[in-house]
Amino acid sequence: MKNFNSLGFTLAMAMASAMSSLSYAGAEDDPLLSYVAIDQLEKGLESDDPTSFSVQAWVGYDMDKIWLKTSGEYQNSDEQDLEVQALYSHAVAPYWDMQMGLRRDIKPSPSRDWLVLGFQGLAPYFFDIDGTFFVGEKGQTAIRLGIEQEWLITQKLILTPEFEVNAYGKSDDELNMGSGLTDINAGLRLKYEITRKFAPYIGIDWSKKFGATADIARHDGGSVSNSQFVMGVTAWF
Amino acid sequence: MTISKPSHEKLNKSSSGTVLSRRQFVFGASAMLALTTIPFSKNAFASAISQSLTQLSGKVFDLSIDYKTVNFTGTPARATVINQLFPGPLLRWKEGETVTLRVKNNLDHDSSLHWHGMILPTEMDGVPGLSFAGIKPGDTFEYTFPIKQSGTYWYHSHSGFQEQTGAYGAIVIDPKEADPVVFDREHVIMLSDWSDEAPETIYANLKKQSDYYNYSERTTSDLFSDIKKQGLVNTWRARSMWNQERMSDRDISDVTGATYTYLMNGNSPAQPWQALFKQGEKVRLRFINSSAMTIFDVRIPGLKMTVVASDGQNVQPITIDEFRMGVAETYDVIVEPKMEDAYCIFVQSIDRSGYTLGNFTSDEMFTAKIPDMDPMPILGHGDMGMNMEGMDHSKMAMGSDSMSGMEGMDHSQMAMGSGSMAGMEGMEGMDHSQSNTVIPTLGLAGYGSNNEIKHLESENGPQVDMQSGMPQSGLNDPGIGLRDHQANYNRKVLTYADLKGLHPTHDKRQPTREIQLHLTGNMNRYMWSINGINFADSAPLELAYNERVRITLVNDTMMIHPMHLHGVWSELETGDPDYIPRKHTVMVQPGSKISYLVTADALGQWAYHCHLLYHMPGMFRKVVIK
C-alpha cells in the first residue's frame with residue numbers, strides 16, 4: 001500500500017504538471033483526489049468460514065486515475081488467496097473507463113503475474129460492470145466479468161446483488177486450474193448506510209467451480225460449490 | 001386569497017422552532033440544541049427579534065475578511081465573514097456617487113470581493129486572475145468606482161469556495177431621481193445555504209459519488225406503489241428511458257438539506273428572522289439569493305407579491321403568488337398587508353429537502369403558521385430536452401451506449417447519452433472554433449433565437465453525458481415543480497416571460513450575430529463545461545466593442561444553471577422588443593434554451609459562468625471585449 005501510494009503520488013504529480021491550469025474562478029475544477037473503498041470486509045458466520053476482503057483505491061483526476069485493486073481470502077494457512085492489481089485508468093466514454101496495468105496473484109503459491117486490460121463503468125439500467133482480460137506470463141489468458149447493482153429499499157437500506165464469472169484459456173496444473181469456465185460467484189448483501197461512507201451488512205455468498213477446475217477439486221476431495229452467510233462492513237473515504 | 005381571521009398565535013410559550021413539524025425540522029437539518037448556542041441569537045425566548053443585517057452607508061467603506069466560528073446546527077464551524085458579520089454588512093450606496101471600498105484580507109488564502117451586477121471598470125470587478133491579481137493574505141485592496149445604477153444587488157468573494165462559508169453581503173443603491181417604486185418600508189432578505197462541511201469536502205464527495213447528498217432517489221417501495229397505480233407496463237415505460245440513460249428523475253439538487261441549513265439573513269429556520277410592518281403599509285422586500293448551490297421558491301401565504309425589480313432593474317409591476325430564484329438573482333417585491341397579522345415568508349429549496357423562513361408580522365408577539373413544503377419535483381422527459389408526446393421512440397438514436405460508433409446517428413434527432421466508446425473517433429472534423437458559432441439567420445431583437453440548435457463535436461466524449469435534441473423555450477415555463485401550482489393551488493407563479501422592463505429598451509439595434517453556447521456536463525463524473533470544454537481548456541469568448549450580440553444558451557443537462565455574465569447587462573428576450581428587461585443572472589432550465597442580447601460596451605476581460613458554486617470551476621468562460 002505504501003509503495004503504491006508513492007508510485008501513485010509520483011504519477012499523479014506528473015499528471016498534475018501536465019494538466020495544471022489557472023482557474024480564474026479561484027476554485028480548482030479538477031483537483032487531485034484520492035479514494036479508498038473497502039467494498040467488502042466480511043466473515044462467514046460458521047467458525048470455519050473464511051474471512052475475505054475486497055478493496056479498491058484510486059488517486060487522480062476526472063479523466064485519468066491510478067487504481068489499486070486488491071482482494072483476498074483467508075481460511076487457514078493452506079487456503080489463502082491474495083491478488084493485487086495496479087492499473088492506469090482513462091475515461092473513454094461518459095460512463096466508461098478503460099483500465100490497463102498489472103496483476104499479481106500472491107497467494108496461492110506459486111505466484112502468477114498478468115497483464116491487465118479492462119473496462120469499468122456503468123451500463124444502462126444501472127449495472128456496475130467490471131470486465132477484464134488478462135494475459136499471463138506464460139501465455140495464459142483469462143477473463144473476468146463482474147456485475148453489480150444497487151436496489152434501494154429505503155434511502156439507506158440497500159440490497160446489492162452481485163455476480164462474478166472467471167474463465168481461463170489454458171490449464172495451470174500447479175494451481176489446480178482447468179481451462180474454460182472455472183468458477184462463478186454470486187452474492188446478495190443487505191447494507192444499512194449509517195452514513196454515506198460507512199455501512200454494515202449481512203448477506204449470502206455462493207460460489208461454484210466448473211469444468212476441469214471442478215474435476216480437479218473433486219479429485220482432490222474438495223468441494224465444488226460453497227455457500228455461506230456473511231457479515232461485514234463496507235466503507236469509503 | 002384573503003384570510004378571514006388572523007392566523008397568528010402568541011409567541012410566548014416557546015421559541016417558534018417548535019412550530020416546525022418533526023419531519024420538516026429534520027429536513028431543515030437544524031437541531032433544537034442549536035437554539036442555545038447560535039452566537040448571534042438575542043434571547044430566543046424573549047421578544048424573538050432576530051438578527052438583522054447591519055447597514056453601512058456613505059462613500060468610503062473599510063471592510064475586512066476574517067474567519068469566525070459560527071454555530072447554526074449545534075456544531076461549531078468556521079465561517080468566512082466580512083467585518084465579523086454573517087452575512088457581511090449591507091452596503092447602502094447612492095446612484096451618481098463614487099464609492100471607495102478598502103478591503104483587507106485577514107485569511108490564510110488569497111481573497112477577493114466581486115460586486116455582483118455592478119456595471120463598473122473591469123479592474124474593479126474583483127475576479128482574481130481576470131480583472132486583478134486577487135488580495136493576498138494581509139493585504140488591502142482599494143476598489144473605487146462610480147455608481148451608474150440603482151436597485152438591489154450583492155457582493156461576494158470570487159476566490160475558491162469562500163462564498164459557501166459566508167463571504168457575502170447585500171448592496172442597496174438608492175436612485176438619483178425619484179424612485180418609481182413607492183413604498184413605506186423596506187426589508188432586505190438574503191437567502192443562503194450553510195453547511196458544517198468544508199466546501200472542498202462537499203466538492204470531493206460529489207466527484208466521488210455524484211448523488212452523495214441525494215436522499216430522494218427512487219426506491220423499491222416506490223416501484224411497487226407505481227406498479228400498483230399505473231400497472232407494470234406503464235411503470236416500465238416511464239422508467240426505462242431514465243434507466244437506459246443511467247440518469248435519475250430525482251436528480252434535482254446536487255447539494256441538499258442533507259448537509260445544508262437554509263438561512264434568511266443569517267437566521268436558521270429554528271429561530272426565524274423576523275420583520276415588522278404596520279397595517280396598510282406598502283412594504284418593499286428585496287430578496288437576494290446568495291446561496292452557493294440552492295435554487296429557492298419563495299411565497300408568502302396570504303399575501304400577493306408585486307414584482308417591481310429583477311436583478312436590481314425596475315420591471316413593469318406584475319402581481320404573483322410565488323417565484324423561483326436562481327442562485328445570484330435578486331427580486332424586489334411590494335406587499336401590502338391589509339390587516340394586523342403574521343405572515344410566513346416561506347422559502348423552500350427546489351428539491352424540497354429543506355426551507356428557511358421569516359416571520360413577517362405586525363406585532364412581534366405574533367408568529368405565522370408555517371405551511372407544508374410542496375411535493376418534490378420529478379424531472380420529466382421534457383427536462384431531458386425531448387418532448388415525448390406523440391413521439392416515435394424508434395426515431396431516437398439515444399442511449400447508444402454500445403461500443404459501436406456514432407456513424408449514421410442523426411444529430412438533428414437526438415444525440416443524447418452518446419456513451420459510445422467510439423466517441424473519441426468522432427473528434428476528426430471537429431469544430432475547433434469552440435464557441436464562436438456565427439449563425440447567419442437572426443431573429444428580431446426581443447424575440448430570441450429562431451436558429452437551429454447545433455451540437456458541436458466537442459460535446460462528444462466522456463465529459464458530456466447528454467445532449468438536448470429538441471430544447472424547448474425556457475421562457476414561459478415556471479420550471480420543474482412549479483408547473484402545476486396554478487392548477488393545483490391557484491398560485492400564479494412568475495415566469496421570465498412576465499418580465500418587461502419598466503423603461504424602454506436602451507439599445508434598440510438588431511443583433512449582428514448570435515453565439516450559441518451549450519451548457520454541458522457529466523453528472524455521474526461531476527464534470528461541468530460549456531460546449532463540452534471545461535474552462536481550463538477553453539478559448540476566450542471575444543466580443544467587439546459596442547457590438548450588439550445575441551447569446552443563446554442551450555441546456556444539455558438536467559440541472560438548472562443560473563448563468564452570470566459580468567460587466568454588461570444580459571437583456572432577456574421575453575417577446576417585447578420595446579421593453580427588454582435587463583438581468584445579470586439568467587436561469588436556464590434543464591433541456592431548454594433561452595436568449596438574451598448584450599451590448600458589449602465595457603472594454604476588458606470579464607467572467608461568464610454558472611453561479612452554482614461547484615459548477616463554476618468548469619462551466620466558466622473568459623469574455624474579452626475589445
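Everything quoted here is computed from the prediction, not taken from an experiment. Within every chain, numbering begins at 1; the chains are lettered A, B, ... in the order of the sequence lines, protein sequences first and strands thereafter.
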Mind listing the closest non-hydrogen atom pair of A:Phe126 and B:Asn243 along with its distance?
CE1-OD1, 3.4 Å

What residues, two or more places apart in sequence or in another chain, satisfy side chain to side chain donor-acceptor pair (under 3.5 Å) together with A:Lys197?
B:Asn205

Measure distances from B:Ala607 to the heavy atoms of chain A and classify the residue's part below 4.5 Å as side chain, backbone, both or neither.
neither

Please find the pair of heavy atoms, one from A:Asp29 and one from B:Lys207, that lie closest to each other, and give the distance.
O-NZ, 3.0 Å

More than 12 non-hydrogen atoms from neighbouring residues, nucleotides or ligands closer than 6.0 Å to NZ on B:Lys136, yes or no?
no

Find the one option among B:Gln209, B:Arg239, B:Met619, B:His609 whose heavy-atom pairs under 4.5 Å with chain A are most numerous.
B:Gln209

The interface call for B:Tyr203 against chain A, heavy-atom contacts under 4.5 Å, is side chain

Looking only at the aromatic ring of each residue, does the gap between the centers of B:Tyr212 and A:Trp236 stay below 6.0 angstrom?
yes

Check this for me: A:Ile202, atom CD1, are more than 12 non-hydrogen atoms of other residues, nucleotides or ligands nearer than 6.0 Å?
no

SB check A:Asp30 B:Arg525 (cutoff 4.0 Å)
no

Please answer whether the main-chain N or O of A:Pro94 pairs with a side-chain N or O of B:Asp465 as donor and acceptor at a distance below 3.5 Å.
no

For the atom pair CG (B:Asn534) and CE (A:Met63), what is the distance rounded to the nearest 0.5 Å?
9.0 Å

CZ/A:Phe229: more than 12 non-hydrogen atoms of other groups inside 6.0 Å
no

Between the side chain of B:Arg246 and the main-chain N/O of A:Tyr95, is any donor-acceptor distance below 3.5 Å?
no

Neighbours of chain B found in residues 152-168 of chain A - heavy atoms under 4.5 Å
A:Leu152, A:Ile153, A:Thr154, A:Gln155, A:Lys156

Is the Lys NZ or Arg CZ of A:Arg196 less than 6.0 Å from the centre of B:Tyr215's six-membered ring, within 45° of the axis?
yes

Residue part contacting chain A, namely of B:Ser240, when any heavy atom lies under 4.5 Å:
both

State whether the number of non-hydrogen atoms from other residues, nucleotides or ligands found under 6.0 Å of A:Arg104 atom CZ is greater than 12.
no

